Amino acid sequence: MAQVQTFLEQLYHEFKGITDGKLASYIPELARADPGWFGISIVTLDGRSFEVGDVAQKFTIQSISKVFVYGMALEDYGREKLLRKVGVEPTGDPFNSLIRLDEDSKRPDNPMVNAGAIATTGLITGSDPAERLNRMLSMFERYVGNEVFVDVSTFMSEKTTGHRNRAMAHLMLNFGMIEQPIEEALDLYFQQCAVLVTTHDLAVMAATLANQGVNPITGQRAVGSEHVRDILSVMYTCGMYNFAGEWAFRVGIPAKSGVSGGIMAVVPNQAGIAVFSPLLDGHGNSVRGLKVFEALSRFELGGFLRGHQLGL
Ligand code: DON
């Protein structure tokens with residue numbers, strides 16, 4: 001529908017000039033991003049794309065990976081068993097907050113904050129690190145629809161500077177929340193965060209979740225439909241960290257952000273939406289990304305973010 005494409009182009013031009021926010025720099029490699037990058041992509045369940053800007057620019061997926069790895073852990077363990085290892089309670093804390101120093105709690109709060117994501121990644125099954133990585137890459141490939149690669153520079157950059165994540169893993173080990181070998185879990189976690197995607201890829205991945213786990217472009221199943229509801233619930237309550245409540249209020253659909261500047265959102269049964277722009281606000285969410293989603297939810301098509309038919 002021309003109307004949607006025109007609206008995305010208007011948003012792109014309206015927000016392109018915004019230079020508020022900062023590049024993430026605690027992972028040194030992320031500070032090399034071009035602050036001007038900006039892409040918006042909507043992929044519908046019948047396979048159409050509405051796109052504007054740098055939608056083919058590759059960047060590392062970062063925390064958005066947590067959604068998909070959680071889905072993998074649900075498949076490996078099942079809902080109840082996984083729930084005993086990783087909770088589903090929003091924290092209201094930043095993504096990198098240290099786990100509560102509470103020995104009674106034998107599980108991290110939720111799989112979207114770093115502590116819970118590292119614990120979830122540590123559960124992924126496979127006989128050795130190579131098999132676990134390959135299983136994970138195959139999982140991402142089913143969502144994206146083609147081969148994916150780990151950006152080695154970003155992986156090394158985070159592996160050599162990720163002391164805070166390493167500290168969390170040690171604390172969780174101390175409390176019996178996770179098991180050895182934690183260095184292997186951390187490596188796999190840093191690798192999942194360094195998987196390269198484009199804005200278009202993220203919209204296809206979101207559309208796959210919107211389509212009950214089947215990639216709408218390739219027709220391939222990426223995750224069991226019985227897990228999609230759980231994945232979307234956790235995205236909705238925990239995906240935007242300590243902005244999750246305000247996101248629900250302002251935008252109102254399940255979403256996940258990453259520190260490289262991506263935001264991916266799911267409109268169940270209708271479409272996947274992704275925005276990429278690396279300048280971040282204090283919560284670690286893309287500044288332009290938030291503006292685009294807020295505008296989409298106000299647009300006359302905004303009804304579609306509230307569950308009405310998109311009519312594309
Ligand atoms: O573990 C980290 O800190 C990064 N690899 C991912 C954090 C992230 O993307 C948080 N999102 N806003």
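Each ligand, and each atom within it, is numbered from 1 in the order the structure gives. What you see is a predicted model; the values in this text were computed from it and never measured.
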Check whether any side-chain N or O of Asp201 sits under 3.5 Å from a backbone N or O of Thr198 as a donor-acceptor pair, and report yes or no. yes
Under 3.5 Å, side chain of Asn114 to main-chain N/O of Asn96, donor-acceptor pair present? no
Quick one: do Glu80 and Arg84 make a salt bridge, cutoff under 4.0 Å? no
Protein neighbours of ligand 1 with a heavy atom under 4.0 Å, given by chain and number, are Tyr26, Ile27, Gln62, Ser63, Phe95, Asn114, Glu158, Asn165, Tyr189, Cys193, Tyr241, Ser257, Gly258, Val259, Gly284
Under 6.0 Å between ring centres, would you say that holds for Phe38 and Phe15? no
Who pairs with Tyr189 by ring-ring contact (aromatic ring centres under 6.0 Å, His included), at least two apart in sequence or on another chain? none
Angle class for the Phe68/Tyr143 ring planes (parallel below 30°, perpendicular above 60°, tilted otherwise)? perpendicular
